[in-house]
Structure formats: structure tokens, C-alpha cells
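Keep in mind that what you see is a predicted model, and the values were worked out from it rather than measured. We name chains A, B, ... by the order of the sequence lines, and we start the count at 1 in each one.
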Number of protein chains: 2
Amino acid sequence: MAQNTASKLNETSRSAVGRDGVLDIAARLFREQGYGSVSLRKIAEAAGIKAGSIYYHFGSKDEIVAAVLDAGIQVVHASMRDAVTALPADTDGETVLRAAIRAHLRALLDVSDYTSANVRIFGQVPQSVRDANLPTRRAYEAEWDSLLSRLQEDGALKQDVDIRRLRLMLIGALNATLDWFDPDRGSADALSHTYADVFLNGILERKDA
Amino acid sequence: MAQNTASKLNETSRSAVGRDGVLDIAARLFREQGYGSVSLRKIAEAAGIKAGSIYYHFGSKDEIVAAVLDAGIQVVHASMRDAVTALPADTDGETVLRAAIRAHLRALLDVSDYTSANVRIFGQVPQSVRDANLPTRRAYEAEWDSLLSRLQEDGALKQDVDIRRLRLMLIGALNATLDWFDPDRGSADALSHTYADVFLNGILERKDA
DNA sequence: GTCTATATGGGGATAGAC
DNA sequence: GTCTATCCCCATATAGAC
């Protein structure tokens with residue numbers, strides 16, 4: 001997210017400026033430590049400013065968290081939508097679904113502290129903050145439902161699976177990788193391939209094949 | 001867990017006595033509200049005692065949380081092991097795996113506040129508490145790895161799937177149901193059937209069949 | 001925009017009476 | 001076993017100087 005006005009020096013920590021810089025740091029800390037462990041003091045320290053100064057940019061801690069949560073969904077939504085629309089119109093269903101899975105997993109595991117922070121802390125934030133994030137989430141969910149419905153109508157997916165339930169199962173499974181994914185054991189891309197294999201074909205040895 | 005010394009009246013809230021009663025209430029509150037939102041004062045109030053009295057039973061909040069986490073895994077572990085060992089020795093691989101999935105999901109969604117609390121708050125508790133829960137978790141994971149390896153050796157599962165990764169995918173997917181499961185939309189048993197169908201056979205429409 | 005205070009509240013935890 | 005009372009710390013948030 002960030003896009004600071006100018007420099008890109010000192011990547012790791014110090015002197016992140018402005019509202020976006022604070023937001024970037026907050027997202028990273030929330031992803032790393034969860035919601036409850038991250039105080040405004042911690043965010044301020046990581047940003048190289050004092051806690052009170054944060055209130056120049058934000059009205060409350062909830063406002064920061066809400067901004068992080070919304071951006072997190074927007075990033076993964078755009079990633080998934082772009083990956084799908086970039087394909088030729090006549091692409092087969094399996095390839096489309098694989099692209100969507102890959103885009104979701106890349107946003108979550110490779111690209112965005114905002115997306116991973118959202119997945120990690122959504123269940124920890126106050127109800128009011130969760131509610132504020134719901135419309136954004138609904139839009140992303142609708143994108144998936146639309147995709148899955150289309151594939152089912154095209155005959156690519158089994159007819160007897162409930163789209164809503166399938167979406168919950170799939171996104172839930174993908175998001176759960178955040179708890180154990182380790183880039184040293186294989187890339188997010190490779191992992192997305194495995195997930196696609198399992199969801200598309202299952203793990204049972206088949207007598208035919 | 002509970003097993004109070006005697007009565008079973010007033011199910012919903014008041015006058016839960018003793019260490020086990022406090023633990024039961026803590027587990028329920030952690031499951032419902034997460035770790036950060038549940039103070040000792042809240043637990044005490046729900047138990048019908050005062051906050052200070054909790055320290056007669058426990059040395060610290062961490063001790064309570066650790067006990068809840070351990071019990072949560074023990075319950076689901078026993079549930080899964082019993083379900084599998086109850087089957088005849090020559091039961092086919094698919095049936096065994098379906099039973100294990102069903103047992104895990106039932107413990108998580110139907111039976112135990114401890115198991116659901118564990119899944120919900122494990123990522124929110126202090127590192128030291130997580131570490132204390134690891135041995136118990138490892139034992140349950142080993143049970144799954146052992147089961148999956150056996151099925152793979154018997155030729156029931158595809159040979160090219162990595163057992164550890166498969167276990168992480170499967171347990172992660174099952175645990176994710178906690179975020180959206182709604183008994184009004186279908187039982188945990190029915191849901192376990194759907195999960196087994198997807199993981200075993202996939203969602204792709206097949207030309208053969 | 002950032003600083004130095006500081007107000008205010010809630011958290012975990014302890015001491016000692018009953 | 002439970003109570004009351006209290007300590008101490010850290011959290012969010014505010015006020016006003018620079």
C-alpha cells in the first residue's frame with residue numbers, strides 16, 4: 001500500500017512518514033503479532049515517532065485497524081479479479097480456478113501485509129470494526145461466488161456442490177495456510193498448485209486414471 | 001470437561017463451582033469472545049465469584065489459558081482416535097478417513113468449548129502459552145500423520161501427496177469452519193460429509209464417472 | 001506534524017479478613 | 001474458598017507547546 005511521496009531508503013524500519021507510512025507499519029505489526037499485542041506505542045516506535053503523534057493522522061486505534069482491514073481485502077480482491085480477467089475468454093474452467101486460487105494465495109502469503117493482517121486479526125478486533133469491514137468482504141465473496149457459479153454452469157464443476165459452502169471451504173482452507181506457511185519449504189505458487197490439485201481432483205487413488 | 005462433584009442444575013451460567021467450573025466458563029468465554037476480550041473479571045463474574053477468588057484455583061491467567069488449550073487438543077485427539085480404532089481392522093481407507101474427519105469436526109463444532117476455544121485463541125495467546133501447548137498438539141498431529149501414512153501405504157491415497165502438507169491442509173480447512181459454521185444451515189455431521197467428498201474426490205466434473 | 005505532558009480507565013495480581 | 005481493598009502497570013486518548 002504505502003506509496004510514499006518520495007524516498008525508499010531504510011526499508012526495514014525507521015522514519016516511515018505520513019499516514020500511509022503509519023498504516024504500512026501497523027499492517028506489518030498486526031500480521032506479525034496479532035491485534036491485542038500491538039499498541040499504539042509499538043506502532044509509533046516502529047514508525048520513529050511518539051504515540052501521541054499518531055492522533056494527527058488517525059482519530060482512534062479502531063480507525064487504523066479498520067483501514068488496514070479494508071485495504072487487505074481490496075488488495076486480494078483486485079489480485080484475484082485481475083488474474084481471472086487477464087485470461088482469454090474461452091479459457092477452460094480448471095485453468096480459471098487455478099489462477100484464482102494462485103492469486104489469492106500470492107496476495108496472502110507473498111504480497112501484502114494488509115491481506116495477511118486482515119486474515120490474522122479479523123477474529124480479534126472489536127465487533128464494530130468487524131462490522132465496518134463486512135461490506136468490503138461481501139464484495140470479494142460475491143466475486144468468488146460469481147466465478148464458481150459460472151464454472152458450475154459451464155459444467156466444469158460438479159452440479160451437486162453448494163456454491164456458498166464451496167466458497168467458504170475454499171477460502172477458509174487457503175487462509176489457514178497463514179498459520180503454517182514457510183517459504184523455506186516451498187513457494188506460495190507451488191502451494192497453490194497443491195491446493196488446486198486437491199480441491200479439483202481429491203486425494204483418493206483412483207482405479208481408472 | 002467439567003464433571004462437577006455433584007449437581008447439574010442452572011446450566012446456563014451461575015454458581016459454577018471449583019477449578020473445573022471456572023475452567024468450563026473460561027473455555028466458553030474464550031470461544032465466544034477471543035483471548036484479549038476475556039478478562040479475569042469477566043470469567044469471575046460469569047462464574048458468580050469475585051476476580052481475586054480465581055487465584056485460589058490458578059496462579060495466573062496464563063495458567064488458565066494453558067489448561068484450556070491442552071484440554072482442547074486432548075478432547076479432539078481422543079475423539080478422533082476412538083472413532084478410528086472403533087472400526088474393524090479391515091475397514092477400507094476411505095471409510096477410515098471419513099470417520100476421522102467426522103470426529104474432528106464434531107469435537108470442534110458440536111462437543112467441546114475447549115477444542116473450539118483452542119482453535120480460536122491459539123494465535124492470540126502469548127508465545128510462552130503457545131509453546132506450552134505444542135507437545136500436546138504434536139501428539140495429535142502425529143496421530144494424523146500416522147493415519148494418513150498408513151492409508152497411503154495401503155494404496156488408498158495418491159502416492160505423490162506429501163503427508164505433512166496434506167495434514168496441514170486438511171486440519172486447517174476443518175478448523176476454518178469455526179469462523180462460519182451455522183448449525184441452522186446443516187449439522188456438523190453433514191458438513192463433515194461434504195468435506196470428505198471434496199478432499200477425497202475433488203470438485204471437478206469428470207468425463208468418466 | 002511532532003513533541004511533552006497528563007487524564008482516565010482497565011488489566012493482572014497480591015494481602016489479609018472472614 | 002471467597003471476600004474486600006489495593007498496588008502497579010500499560011493501554012487509549014487529549015491538551016497545548018513548538
Cationic N near anionic O, under 4.0 Å, A:Asp113 to A:Arg28 = no
- Query: Do the charged groups of A:Arg167 and A:Asp162 touch, with an N to O distance under 4.0 Å?
  - Reply: no
Protein and nucleotides 3-7 of chain C: nitrogen or oxygen contacts under 3.5 angstrom:
{"from": "C:dC3", "atom 1": "OP2", "to": "A:Lys50", "atom 2": "N", "distance (Å)": "2.5"}
{"from": "C:dC3", "atom 1": "OP2", "to": "A:Ser53", "atom 2": "OG", "distance (Å)": "2.7"}

Here the distance between atom P of D:dG1 and atom CG of B:Asp20, to the nearest Å, is 12 Å
| C:dG11 OP1/OP2 closer than 4.0 Å to side-chain N/O of B:Ser39 | yes
Taken to the nearest whole Å, CD1/B:Ile43 to P/C:dG11 is 11 Å
Applying side chain to side chain donor-acceptor pair (under 3.5 Å) to B:Glu63 and not counting sequence neighbours gives none
Regarding B:Tyr114 and B:Asp24, do their side chains bring together a donor and an acceptor under 3.5 Å, going by distance alone? yes
Close side-chain approach of B:Ser79 and B:Val111, heavy atoms under 4.5 Å: no
**Q.** B:Glu45/B:Arg41 ion pair, N-O < 4.0 Å
**A.** no
Within residues 54-68 of chain A, those residues having any heavy atom closer than 4.0 Å to DNA chain C are A:Tyr56, A:His57
Side chains of B:Asn118 and B:Asn133 in contact at under 4.5 Å (non-hydrogen atoms): yes
Donor-acceptor pairs under 3.5 Å, side chain of residues 100-109 of chain A to any protein atom, not counting sequence neighbours: which ones?
{"from": "A:Arg102", "atom 1": "NE", "to": "A:Asp189", "atom 2": "OD1", "distance (Å)": "3.3"}
{"from": "A:Arg102", "atom 1": "NE", "to": "A:Asp189", "atom 2": "OD2", "distance (Å)": "3.2"}
{"from": "A:Arg102", "atom 1": "NH2", "to": "A:Asp189", "atom 2": "OD2", "distance (Å)": "3.3"}
{"from": "A:His104", "atom 1": "ND1", "to": "A:Tyr140", "atom 2": "OH", "distance (Å)": "2.6"}
{"from": "A:His104", "atom 1": "NE2", "to": "A:Asn175", "atom 2": "OD1", "distance (Å)": "2.8"}

In whole angstroms, the gap separating P of D:dA11 from CD of A:Glu45 amounts to 11 Å
Numerically ordered, the residues 121-129 of chain A set in heavy-atom contact under 4.0 Å with DNA chain C is none
Taken in chain and number order and not counting sequence neighbours, the residues that satisfy ring-ring contact (aromatic ring centres under 6.0 Å, His included) with B:His57 are none
Flag side-chain contact, heavy atom, 4.5 Å: B:Met169 against A:Phe199 = no
